[in-house]
Peer 1: 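Structure incoming, see below.
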Amino acid sequence: MNKSDIQNLITPFLNSIDEGSLDAAEMFAFKSKNISDSSNQYLNLDYEFYNLNMSKNTVSTTLKTILNIFINNYINNDSKIFQPYNIHNSKSIIDYIDLINLDFSINSIKDGTDPNLESNNYKVQYLLHQLDNNQRIAQSKQDYKNFKHSLLRLTNNEKSIIVINKVTPLYKPKGLMFLLDGEISSGQPDYKLIEKDIFKLPLFPHILIIENKCFLIQADVESIFGFEKYNKKIRDKALDKINRELPLTSSGYDLISKFSLKGRNYDKFSTFNEERYNKIKNNDPTIMTLLQQELKISLDASNNILISTEEEARKFILFLCNCILRDIENDNTLYMTEKSKPL
């Protein structure tokens with residue numbers, strides 16, 4: 001794709017920011033949730049958005065900074081190439097997807113039975129549909145719990161530009177952090193302890209959606225949409241790591257592999273939790289106790305996982321992929337989804 005065409009898509013929004021003529025500027029925190037019981041062949045993720053109520057001016061000036069950095073580092077960088085999305089493209093290539101608008105009020109589109117639907121476009125359009133139809137207003141910090149992504153949107157003359165970042169927006173300092181203020185040269189700088197959580201954003205977009213184009217700028221961001229081929233890639237990498245890094249018996253690994261390769265179980269890997277996996281790999285006592293006591297997964301004498309049944313393999317993968325829910329009324333009951341039978 002010609003870089004000047006991309007620049008021409010962005011420039012009108014930058015001009016609208018400078019002129020103060022934007023219709024709207026909004027920032028959201030959102031999370032995805034694995035869908036395991038959908039009859040729609042294209043849907044494996046659902047989304048929940050919270051409007052942060054950030055001022056129009058703050059959102060627009062923030063997005064202006066992000067877009068200008070994108071222009072300088074990607075559009076004006078001769079080493080960056082924009083090509084149609086292909087899972088085999090190298091990381092140096094910026095993938096893009098041509099988008100076609102979908103009307104989800106039409107039943108055959110809503111339920112995924114229209115024969116003309118294309119999977120990747122459908123998944124992107126569904127996220128945009130949910131952005132308009134499944135958003136709430138944040139009331140407290142608790143609303144941000146488990147939110148993994150941020151989204152900024154500018155709207156002008158019924159056109160929008162959207163930046164999505166795959167990063168936990170609310171950052172809680174893990175140590176003592178101070179805000180350096182005052183005149184350092186005077187010998188009396190002022191250090192103020194940061195006691196509140198911090199809202200953070202990357203300095204460039206991970207995903208940029210503008211008019212009929214969706215640019216996948218950072219590597220591995222397809223997981224936000226749950227692309228099928230990408231989910232299979234995540235699954236295969238996860239199985240390889242599990243086989244190489246966890247002290248499983250060969251029969252235990254075979255049971256895990258069998259479940260992971262069955263049907264559309266690859267979709268579950270769209271929410272694969274690296275942090276949980278690393279805790280298991282490092283034999284974290286808290287997580288190992290949870291697996292044993294809550295999920296009834298056996299452990300050997302060295303506190304390593306001992307998978308001996310198909311049910312244990314299923315629960316292990318569901319746990320790694322954030323697919324296990326707890327009944328809020330009955331703390332002892334776990335479900336794969338809200339509509340499923342207890343595990």
Side-chain angles (χ1 to χ4, degrees), residues 30-49 84-89 95-135 148-149 151 162 164 166 207 209 212-216 220-239 256-273 310 313-325 335-341 343:
F30 74 99
K31 59 185 174 182
S32 59
K33 180 176 64 176
N34 198 285
I35 304 174
S36 300
D37 51 4
S38 173
S39 59
N40 186 328
Q41 63 177 320
Y42 299 109
L43 287 187
N44 56 295
L45 290 177
D46 206 347
Y47 303 93
E48 184 178 355
F49 293 87
Y85 174 70
N86 187 313
I87 195 170
H88 301 296
N89 280 348
D95 292 283
Y96 68 87
I97 300 168
D98 289 314
L99 299 178
I100 300 173
N101 289 332
L102 298 176
D103 183 354
F104 285 89
S105 66
I106 300 173
N107 287 335
S108 61
I109 291 178
K110 182 179 179 180
D111 60 23
T113 57
D114 188 315
N116 298 314
L117 295 174
E118 191 278 322
S119 177
N120 291 345
N121 177 68
Y122 190 96
K123 292 175 186 293
V124 176
Q125 295 291 355
Y126 182 75
L127 180 144
L128 299 177
H129 171 73
Q130 290 299 85
L131 173 61
D132 290 326
N133 292 277
N134 192 27
Q135 60 173 264
K148 300 297 183 184
H149 317 300
L151 183 150
I162 291 173
I164 298 175
K166 187 180 179 182
I207 297 172
I209 301 175
N212 65 336
K213 294 285 189 273
C214 175
F215 299 95
L216 307 175
D220 302 332
V221 291
E222 299 100 312
S223 61
I224 289 179
F225 302 114
F227 286 1
E228 292 177 12
K229 289 183 179 179
Y230 184 72
N231 291 344
K232 291 179 181 178
K233 182 179 177 181
I234 298 175
R235 176 200 63 192
D236 294 344
K237 285 185 175 181
L239 287 177
I256 290 171
S257 178
K258 179 182 178 181
F259 174 77
S260 301
L261 296 172
K262 183 179 179 180
R264 290 183 59 189
N265 284 344
Y266 57 80
D267 278 338
K268 295 175 175 50
F269 287 83
S270 62
T271 47
F272 184 78
N273 191 320
E310 291 183 357
R314 183 173 80 101
K315 288 182 179 179
F316 177 67
I317 291 300
L318 293 179
F319 176 75
L320 280 179
C321 295
N322 281 345
C323 294
I324 292 180
L325 307 175
Y335 296 87
M336 186 168 131
T337 71
E338 292 96 329
K339 299 178 182 178
S340 66
K341 295 179 179 179
L343 291 174

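Atoms considered below: every heavy atom in the structure, side chains included; atoms not considered: hydrogens, waters and symmetry mates.
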Peer 1: What is the minimum heavy-atom distance between Q41 and G112, and which atoms define it?
Peer 2: NE2-O, 3.5 Å

Peer 1: Is the ring pair F49/Y47 parallel, tilted or perpendicular, if the boundaries are 30 and 60 degrees?
Peer 2: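 Correct class here is tilted.
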
Peer 1: Donor-acceptor pair, S119 side chain versus Y42 backbone, under 3.5 Å?
Peer 2: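 Side chain of S119 to backbone of Y42, a donor-acceptor pair under 3.5 Å: no, none is there.
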
Peer 1: Any side-chain heavy-atom pair from F269 and I317 closer than 4.5 angstrom?
Peer 2: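 The answer is yes, as the side chains (C-beta and beyond) meet within the 4.5 Å cut-off.
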
Peer 1: Any side-chain heavy-atom pair from C214 and I207 closer than 4.5 angstrom?
Peer 2: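 Result yes, sub-4.5 Å side-chain heavy-atom pair found.
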
Peer 1: Quick one: CD1 on I234 to NZ on K268, what's the gap to the nearest 0.5 Å?
Peer 2: 14.0 Å

Peer 1: Within the supplied structure, the quantity of interest is the number of heavy atoms (other residues, nucleotides, ligands) at a distance under 6.0 Å from K166 NZ; does it exceed 12?
Peer 2: yes

Peer 1: For residues N44 and Y266, determine if any side-chain heavy atom of one lies less than 4.5 Å from a side-chain heavy atom of the other.
Peer 2: no

Peer 1: Using modelled atom types and a 3.5 Å cut-off, is there a donor and acceptor pairing between side-chain atoms of Q135 and backbone atoms of L131?
Peer 2: yes

Peer 1: Between I164 and L127, which heavy-atom pair has the shortest distance, and what is it?
Peer 2: CD1-CD2, 4.1 Å

Peer 1: For the backbone of K110 and the side chain of N40, can you confirm whether one donor and one acceptor N or O come within less than 3.5 Å of each other?
Peer 2: yes

Peer 1: Could you check D98 against K213 for side-chain contact (heavy atoms from CB on, under 4.5 Å), going step by step and ending with a plain yes or no?
Peer 2: CA-CA 5 Å; D98 289 314; K213 294 285 189 273; 2.5 Å; yes

Peer 1: Counting only heavy atoms not in L261 (residues, nucleotides, ligands), do more than 12 fall under 6.0 Å from its CG?
Peer 2: yes

Peer 1: Answer yes or no: is there a donor N or O on one side and an acceptor on the other, between the side chain of N273 and the main chain of N322, under 3.5 Å?
Peer 2: no

Peer 1: Taking all atoms of both residues into account, what is the closest heavy-atom pair of C323 and T271, and its distance?
Peer 2: SG-OG1, 4.3 Å

Peer 1: Nearest 0.5 Å, what's the CG-NE2 distance between D103 and H129?
Peer 2: 9.0 Å

Peer 1: Would you say N134's side chain and Q130's backbone share a donor-acceptor pair under 3.5 angstrom?
Peer 2: no

Peer 1: Can you measure from NZ (K123) to CG (L43) and round to the nearest 0.5 angstrom?
Peer 2: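 Reported to 0.5 Å precision, the distance equals 7.0 Å.
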
Peer 1: Counting only heavy atoms not in E310, do more than 12 sit closer than 6.0 Å to its CD atom?
Peer 2: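 No, CD of E310 has 12 or fewer neighbouring heavy atoms, counting only those of other groups under 6.0 Å.
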
Peer 1: CG of N101 to CG of N121: how many Å apart, nearest 0.5 Å?
Peer 2: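 Rounded to the nearest 0.5 Å, the CG-CG separation comes to 8.0 Å.
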
Peer 1: Could you measure the distance from the OG atom of S108 to the CD1 atom of I106? Nearest 0.5 Å is fine.
Peer 2: 6.0 Å

Peer 1: Can you confirm whether L45 sits close enough to F225 that some side-chain heavy atom of one is under 4.5 Å from a side-chain heavy atom of the other?
Peer 2: no

Peer 1: Restricting to non-hydrogen atoms, name the atom on T113 and the atom on L117 that form the minimum distance, rounded to 0.1 Å.
Peer 2: N-CD1, 4.4 Å

Peer 1: When rounded to the nearest 0.5 angstrom, what is the spacing between CD1 in I97 and CG in N86?
Peer 2: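 Between I97 CD1 and N86 CG, I get 11.0 Å after rounding to 0.5 Å.
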
Peer 1: Show the numbers, then the answer: is there a ring pair (Phe, Tyr, Trp, His ring centres under 6.0 Å) between Y122 and F104?
Peer 2: CA-CA 10 Å; Y122 190 96; F104 285 89; 5.4 Å; yes

Peer 1: Listed by chain and number, what are the side chain to side chain donor-acceptor pair (under 3.5 Å) partners of Y85, not counting sequence neighbours?
Peer 2: E222

Peer 1: Could you tell me whether the side chain of D46 and the main chain of K33 form a donor-acceptor pair under 3.5 Å?
Peer 2: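 Checked: no pair found.
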
Peer 1: For the backbone of L216 and the side chain of D95, can you confirm whether one donor and one acceptor N or O come within less than 3.5 Å of each other?
Peer 2: no

